[in-house]
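Atoms within each ligand, like the ligands themselves, are counted from 1 in listed order. For reference, positions follow the sequence shown, starting with 1.
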Amino acid sequence: MDQAVARAPVALEPGLAWRHDFAGLGPAFHTELRPTPLPDAHLVSLNARLASELGLGAGFLAGQDGVEAFTGNLPLAGARPLAGVYSGHQFGVWAGQLGDGRAILLGGIATPAGLQELQLKGAGRTPYSRMGDGRAVLRSSIREYLGSEAMQGLGIPTTRALMVTGSPQPVRREEVETAAVVTRVAPSFVRFGHFEHFSARGQHEELRRLADYVVDTFYPDCRGSERLAGNPYAALLEQVSERTAAMVARWQAVGFCHGVMNTDNMSILGLTIDYGPFQFLDAFVPNHVCNHSDESGRYAFNRQPNVAYWNLFCLGQALLPLIGDQEVALAALESYKAVFPRELEARMREKLGLEGEQAGDRELVEGILQLLAAGRVDYPVFWRRLSRFVAGGEREPVRDLFPDRDAFDRWAAQYEARLPGDREAAGARMLRTNPKYVLRNHLCELAIRQAKLGDFSQVEVLLALAQSPFDEHPQHEDLAGFPPDWAAHIEISCSS
Ligand code: AMP
Ligand code: MG
């Protein structure tokens with residue numbers, strides 16, 4: 001292993017331009033360090049589609065040098081590895097300093113998809129590891145890899161994952177597992193917690209530097225706007241609120257439960273980030289809690305919209321020294337309350353195949369959600385069957401999902417009356433809105449069981465389905481149906 005570390009840095013892509021804007025914020029923001037090597041690294045999966053979007057050759061990435069580099073065993077020419085510091089509220093309580101305890105940022109690369117940062121998650125201890133071992137296990141790394149790609153496939157803003165590598169190195173969780181590293185990709189990994197960190201410490205100069213970096217790089221139109229007293233930091237808060245509202249509306253529409261919506265797991269770019277105990281709903285249970293460690297149900301599915309607002313409020317408080325006026329900060333936050341319901345209604349109308357906005361639409365949405373909840377109906381199966389029905393298929397497969405058939409018939413009569421004249425076109429749109437393939441917990445679980453035995457083929461299957469969830473894949477019909485009974489007993493905790 002030492003030999004590998006001593007090797008000269010390898011090039012990720014000839015002529016690739018690296019940029020280190022986050023590192024350029026200065027030493028108050030990070031610690032430069034090297035990943036800790038792992039023995040006998042091997043490829044678990046390479047996301048060839050993302051590699052191609054980034055203009056990176058799959059040949060290098062999947063080859064042994066690529067595997068060593070993205071496990072942290074071999075330095076990449078041009079990279080500048082570091083761990084960032086942030087703080088945050090965890091489960092509603094101020095947790096103080098946290099930081100990249102096991103993620104190491106390599107830097108930014110210029111790609112056809114714009115500047116993207118690369119980060120190795122699970123690459124060893126950092127000054128922010130606290131009691132942690134700096135590692136991630138194969139199980140959770142596969143979940144993050146597939147989960148983020150599933151969100152991408154559904155059109156939901158998210159960090160991405162380029163590859164997963166594994167090592168036989170034992171890692172102790174509830175039981176002994178093995179180590180893995182996920183290469184995450186995003187324009188930035190800055191979280192609400194970064195702002196909270198410098199604000200709570202009264203480091204207002206650093207707070208301003210961070211905010212200026214985020215505004216100038218990602219929200220340039222915050223400057224020069226007349227709105228919110230012409231305050232660029234209030235404009236930032238407003239735009240982050242809007243993006244977060246749009247993101248959470250998409251979560252709710254598709255039935256995505258994040259599981260750990262702590263402020264350190266909230267992206268300043270409104271991306272879904274930090275996939276841990278996440279879950280796509282099977283049965284529609286509005287107060288479902290997907291995180292076994294969340295005893296109070298703080299992050300239950302139907303609480304996510306309010307929690308997002310709570311988190312934005314923390315961000316607003318952190319930005320207050322820059323905004324300077326509490327009324328202006330509160331005004332910026334108001335946008336969440338306007339945008340979230342508007343976005344959610346729009347998403348639900350899309351799911352129903354409705355055109356335009358009409359009186360009674362909200363009742364139609366609420367009506368079906370109540371029926372789904374009362375019958376604990378499988379959420380993805382319902383939407384897909386409804387889409388098929390509208391596209392010209394049979395009604396019975398939808399109706400049969402509801403224990404109270406009469407109630408469904410009453411709802412369906414109103415719904416059909418509201419459908420646009422061209423039902424076939426509406427149905428076709430619905431089939432591109434309501435996925436056939438959803439990355440359900442039990443599918444991850446089965447792929448992970450095989451992967452632990454060294455067979456990664458099911459990870460590849462799920463990756464392909466995650467990337468085209470609206471298409472028919474006749475050879476994988478069995479992965480589109482109801483979950484087995486045992487799926488209800490899967491316990492996913494924070495342990496990862
Ligand atoms: P999470 O809830 O997974 O987002 O993690 C919260 C904090 O704990 C973050 O600062 C992580 O970097 C850190 N952390 C989680 N697991 C580990 C680990 N195994 N080793 C070091 N730090 C960790
Ligand atoms: Mg986190």
Using the rule side chain to side chain contact (heavy atoms under 4.5 Å, CB included), only one of L320, L228, L319, N231 pairs with L237; which is it?
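Among the candidates, only L319 passes.
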
So does E196 pair up with R191, basic N to acidic O under 4.0 Å?
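Answer for the salt bridge query: no.
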
Ignoring hydrogens and angles, state whether a donor on the side chain of T244 or Y336 is under 3.5 Å from an acceptor on the partner side chain.
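No, because no side-chain N or O of T244 sits under 3.5 Å from a partner of the opposite role on Y336.
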
Can a donor-acceptor pair be found between the side chains of N441 and R143 at a distance below 3.5 Å?
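Looking only at side-chain atoms, R143 and N441 do form a donor-acceptor pair, the distance falling under 3.5 Å.
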
Is the Mg ion (ligand 2) under 2.8 Å from any N, O or S atom of N262?
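No.
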
Closest approach to the Mg ion (ligand 2) by D274, given as the N, O or S atom name:
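That would be atom OD2.
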
Heavy-atom pair of closest approach, residues S167 and P39:
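In terms of heavy atoms, the two residues are closest at OG-O, 2.7 Å.
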
What's the shortest heavy-atom distance between L271 and A186, and which atoms?
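Minimum heavy-atom contact is CD1-CB, 4.1 Å.
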
Given a heavy-atom cut-off of 4.0 Å, could you list the residues near ligand 1 in chain and number order?
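Near ligand 1, by chain and number: Y86, Q90, L98, G99, D100, G101, R102, S129, R130, G132, D133, G134, R135, R173, D264, N265, D274.
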
Cation-pi between R449 and W486: NZ/CZ under 6.0 Å from ring centre and within 45° of the ring axis?
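Geometry flag: set, cation within 6.0 Å and 45°.
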
